[in-house]
Amino acid sequence: MSPISPITQKYHIILASNSPRRRELLKGLGIDFDVKVLPDIDEDYPADMPVCQIAEFIAREKADAYRKVMGDDDLIITADTIVIVGDEVMGKPVDENDARRMLHELSGRTHQVTTGVCLTTKSTQRHFSVTTDVTFKQLSEQEITHYIKNYRPYDKAGAYGIQEWIGYIGVTALNGSYFNVMGLPVQRIYNELLTLNS
């Protein structure tokens, strides 16, 4: 029996995300879960909020939206990932020009990827965030254009997926969780789920 089996027997685990990468990562833990996504969840945050708190704040806001539709044995996992370069918070690009701008900003620099996660049941809530430092080489205009045209990274914070071509050729250093950069810090989630049964 898997160390996490008691949790999956106790709770109906729901991943509240449309992200195929988050589904793949959570599946890698060997747990059964369903996907449920509510429409039009507010992802705004206070303008004066420290950037290190934004992803966790949004994950908690998402969780609150699910409270009214939760079953007694549901465990909802909500998450939000942001890219931070300097003082700028990068979400998903709105178009090709925005994606190009973001990749130019990341080129030749180290940035932070922070994922906020919230685990919510009827009686408890745990929330946390995980940050990974990622360094890119100096990207050429040709490399940026090739990536945008072929991978269309409009659903990714910072306009890139580390598991895609740009990560293969561009990332020169990484300090922290690789899976966190993909969108879900599964090692931390695993540990948090284990503590729910302790």
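What's counted below: heavy atoms across the whole structure, side chains too, no hydrogens, waters or symmetry copies.
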Grouping I, L, V, M, F, W and Y whenever their side-chain heavy atoms are under 4.5 Å apart, do Y66 and I77 come out in a common cluster? yes
Polar side chain donor-acceptor pair, T8 to S5, under 3.5 angstrom: no
Does D32 CG have over 12 foreign heavy atoms under 6.0 Å away? no
Crowded around R67 CZ? As in, over 12 foreign heavy atoms under 6.0 Å? yes
Step by step, would you call Y147 with E164 a side chain to side chain contact (heavy atoms under 4.5 Å, CB included)? CA-CA 9 Å; Y147 177 64; E164 295 178 340; 2.5 Å; yes
Does Y190 reach the side chain of I4, with side-chain heavy atoms less than 4.5 Å apart? yes
Apply side chain to side chain contact (heavy atoms under 4.5 Å, CB included) to K92 and K156, showing your working. CA-CA 5 Å; K92 298 171 185 175; K156 298 174 177 67; 5.9 Å; no
Distance-only donor-acceptor pairs under 3.5 Å for side chains of residues 12-20, two or more places apart:
from: H12; atom 1: ND1; to: D74; atom 2: OD1; distance (Å): 2.9
from: H12; atom 1: NE2; to: D34; atom 2: OD2; distance (Å): 2.6
from: S17; atom 1: OG; to: S19; atom 2: N; distance (Å): 3.1
from: S17; atom 1: OG; to: R22; atom 2: NH1; distance (Å): 3.4
from: S19; atom 1: OG; to: R21; atom 2: N; distance (Å): 3.2
from: S19; atom 1: OG; to: R22; atom 2: N; distance (Å): 3.1

Minimal non-hydrogen separation, T81 against A157, with atom names: O-CB, 3.5 Å
Could D80 and K62 be called an ion pair, given the rule that one side-chain N must be under 4.0 Å from one carboxylate O? yes
Measuring centre to centre across the rings, with the benzene-like ring taken for any Trp, is Y160 within less than 6.0 Å of Y151? no
With distance as the sole criterion, is a donor-acceptor pair present between the side chains of R126 and T195 under 3.5 Å? yes
Going by heavy atoms in the side chains, are Q112 and V134 under 4.5 Å from each other? no
Same apolar cluster (I L V M F W Y, side chains within < 4.5 Å links), L25/V130: yes
Side-chain contact, heavy-atom cut-off 4.5 Å: Y45 with I58? yes
Answer yes or no: does atom CD of Q142 have more than 12 heavy-atom neighbours from other residues, nucleotides or ligands under 6.0 Å? no
Shortest non-hydrogen contact from A159 to L103? O-CD2, 3.7 Å
Salt-bridge test for R100 and E96: reply yes if a basic N is under 4.0 Å from a carboxylate O, no otherwise. yes
Just by distance, with hydrogens left out, do T114 and T131 show a side-chain donor and acceptor under 3.5 Å apart? yes
Between T110 and D133, do the side chains contain an N or O donor and an N or O acceptor separated by less than 3.5 Å? no
Would you say E141 and H104 are linked by a side-chain donor-acceptor pair, where the criterion is simply a distance under 3.5 Å? yes
Please determine whether a side-chain nitrogen of the Lys or Arg among E192 and R188 lies less than 4.0 Å from a carboxylate oxygen of the Asp or Glu. yes
Would you check if Y178 and I162 make a side-chain contact, meaning some heavy-atom pair closer than 4.5 Å? yes
List the steps and the verdict of side chain to side chain contact (heavy atoms under 4.5 Å, CB included) for T135 and L174. CA-CA 6 Å; T135 303; L174 185 143; over 6 Å; no
Do L196 and F128 sit in one hydrophobic cluster, given that two such residues count as connected whenever their side-chain heavy atoms are within less than 4.5 Å of each other, even indirectly? yes
Might you point out which heavy atoms bring L193 and I7 nearest each other, and give the distance in Å? O-CD1, 3.1 Å
Output, in order, the C-alpha distance, side-chain angles, deciding distance and verdict of side chain to side chain contact (heavy atoms under 4.5 Å, CB included) for V35 and R23. CA-CA 8 Å; V35 174; R23 290 198 297 268; 3.4 Å; yes
Taking atom NZ of K137 as the centre, does the number of heavy atoms from other residues, nucleotides or ligands within less than 6.0 Å exceed 12? yes
